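Accompanying notes for the structure given below.
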2 protein chains.
Amino acid sequence: MNTILSNLKIQVNEKIYVKDPETSPLGKKIVEQSIFLIDEIGFDNFTFKKLGEKIGSNESSIYRYFENKHKLLVYLSSWYWSWMEYKLVFATTNIVDPTEKLSKAITIVTEKVTDDTNTEHINEAILNKIIIAEFTKTVQTKEVDQENKEGFFLIYKRVINRIVGIVKEVNPEYPFAKSLVSTIVEGSLHQHFLTEHLKTITDCNESVSTTEFYLNLAKNVLR
Amino acid sequence: MNTILSNLKIQVNEKIYVKDPETSPLGKKIVEQSIFLIDEIGFDNFTFKKLGEKIGSNESSIYRYFENKHKLLVYLSSWYWSWMEYKLVFATTNIVDPTEKLSKAITIVTEKVTDDTNTEHINEAILNKIIIAEFTKTVQTKEVDQENKEGFFLIYKRVINRIVGIVKEVNPEYPFAKSLVSTIVEGSLHQHFLTEHLKTITDCNESVSTTEFYLNLAKNVLR
DNA sequence: CAAATATAATAGTATTACTATCAACTATGA
DNA sequence: TCATAGTTGATAGTAATACTATTATATTTG
């Protein structure tokens with residue numbers, strides 16, 4: 001996986017950006033540093049002006065890459081889920097036993113992320129923290145239907161449906177495969193959030209535990 | 001329940017408001033109409049100025065009740081979960097069989113809400129729509145730890161832990177009761193959202209189905 | 001009726017979320 | 001190597017947001 005990812009470019013829907021940030025040093029810096037700044041001050045307090053100051057660049061230059069901060073967050077999310085899809089595919093390819101395949105998939109998608117050193121300008125561990133704290137904000141807007149039509153959430157839906165396929169291999173009779181998987185994926189982000197901030201309503205306390213909970217859940221539901 | 005609720009006042013943590021909106025006609029109007037306006041234009045586009053125009057009142061008057069729009073949303077959420085707790089308690093009291101009790105509880109908490117005509121100025125059906133679309137925004141902020149300390153989310157956590165108690169009656173051996181319940185409660189809001197906006201990653205399509213999915217899930221996990 | 005309280009109207013500030021313009025610098029290719 | 005296209009930076013400006021402060025006017029209560 002290592003060598004392959006370093007040659008592969010994560011593809012993000014062109015409609016999300018004004019200019020592809022991967023095509024210039026400034027673009028890469030915007031992406032790289034926005035991850036740190038959003039993690040640091042939170043998306044709600046994040047502005048292009050502050051990011052400009054952080055990277056020693058002008059606010060107006062950032063607008064040449066992203067229409068607004070919402071689009072930047074959608075970009076980061078798309079990148080994340082696209083990267084997640086690679087991890088998923090590589091972890092499950094050539095595994096014949098559906099149950100084992102599903103376990104690997106659930107593990108990939110629910111465990112805490114460590115930095116993938118193959119992508120130079122993106123720190124996946126921090127990006128994962130952002131996804132945990134802010135991902136629902138990319139979807140939960142009044143513009144969701146419009147943006148869904150434009151394909152902003154395709155990658156996310158593809159990740160879900162890839163796992164749905166595995167669930168159906170494990171148990172073709174189970175009638176709620178899609179809801180189960182979307183519950184696991186979204187729910188694991190939520191459990192990670194609770195582990196950090198509202199500990200009294202979760203049993204998860206370290207990275208492995210959230211995964212354990214969902215592995216156990218899936219096993220019980222699909223047996 | 002009807003007669004009792006019409007006499008009971010839903011209690012909301014005093015730190016959430018500047019002045020209790022239940023104590024004046026203007027306060028009630030602010031709460032009543034904010035629900036309609038947030039539903040209509042979304043929380044992100046909602047401002048006190050727009051609300052003032054809608055209710056024929058001045059922006060500055062609204063600030064005398066709520067510090068900012070975030071606090072107003074926290075107020076609406078607290079009200080909602082408090083009301084949900086009443087429904088829960090009344091639906092499960094005097095039921096001896098834990099399994100039946102849990103089924104009632106899961107049904108209450110996952111089903112689509114219809115207006116409760118006993119509360120004059122609050123339309124619960126619309127409020128439920130707001131909770132589905134915006135609830136995570138009340139929690140997912142940089143101030144979550146501070147606000148949690150001040151007790152802003154106590155009611156929500158109490159609802160979760162009340163159901164956790166029932167889960168433990170059903171199966172005292174199950175090691176993830178808290179995570180299961182928080183997954184169900186938060187997850188059902190998410191499934192309702194997907195049903196409306198991202199239909200390709202959910203199996204739920206009408207009110208009953210989300211409940212069915214989670215009843216089935218809980219049954220399989222706890223047997 | 002007086003005093004206290006609630007509300008409305010107006011004004012003002014700092015920040016946000018942009019857009020527009022123009023100058024400077026950089027890379028390319030003829 | 002020069003011309004030119006494209007990128008970035010600097011500055012300015014606008015409308016909206018998120019408030020705070022002040023004063024006037026109603027309304028309630030004792």
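Note that the structure is predicted; figures quoted are calculated from it, not measured. We name chains A, B, ... by the order of the sequence lines, and we start the count at 1 in each one.
Ring pair B:Tyr80/B:Phe135: centre-to-centre distance not below 6.0 Å.
Along DNA chain D, the stretch of nucleotides lying under 4.0 Å from any heavy atom of chain B spans, 5' to 3', D:dT17 to D:dA21.
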Test A:Lys54 against A:Glu40 for salt bridge (Lys or Arg N to Asp or Glu O under 4.0 Å), laying out the working first.
CA-CA 12 Å; A:Lys54 193 183 177 84; A:Glu40 195 183 316; 3.4 Å; yes

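At the heavy-atom level, A:Tyr65 lies under 4.0 Å from the strands shown only through sugar-phosphate atoms. Nucleic acid contact for B:Glu59: base, since at least one base atom lies under 4.0 Å from a heavy atom of the residue. In this structure, B:Ser60 reaches the bases: a heavy-atom distance under 4.0 Å links it to at least one base atom across the strands shown. Across all strands shown, B:Tyr63 has heavy atoms under 4.0 Å from base atoms, whether or not it also approaches the sugar-phosphate.
Judged by distance alone, the side chain of B:Asp203 and the main-chain N or O of A:Ala177 form a donor-acceptor pair under 3.5 Å.
Residue pairs meeting the salt bridge (charged side-chain N to carboxylate O under 4.0 Å, His left out) criterion with at least one member in residues 126-142 of chain B, sequence neighbours excluded, are B:Asp39-B:Lys129, B:Asp44-B:Lys137, B:Glu134-B:Lys137.
When the P atom of C:dT26 is taken as reference, atom CG of A:Leu26 falls 14 Å away, rounded to whole Å. In this structure, NE2 of A:His70 is placed 16 Å from C1' of C:dC18, rounded to the nearest angstrom. Note: CG (A:Leu51) to C1' (C:dA17) measures 14 Å, nearest angstrom.
With the nearest nucleotide of DNA chain D identified for both B:Lys69 and B:Asn58, B:Lys69 has the one nearer the 5' end.
A:Glu67 is linked by a salt bridge (charged side-chain N to carboxylate O under 4.0 Å, His left out) to A:Lys71, counting only residues two or more places apart in sequence or in another chain.
None of B:Val74, B:Asn148, B:Val144 except one satisfies the side chain to side chain contact (heavy atoms under 4.5 Å, CB included) rule with B:Val139; the exception is B:Val144.
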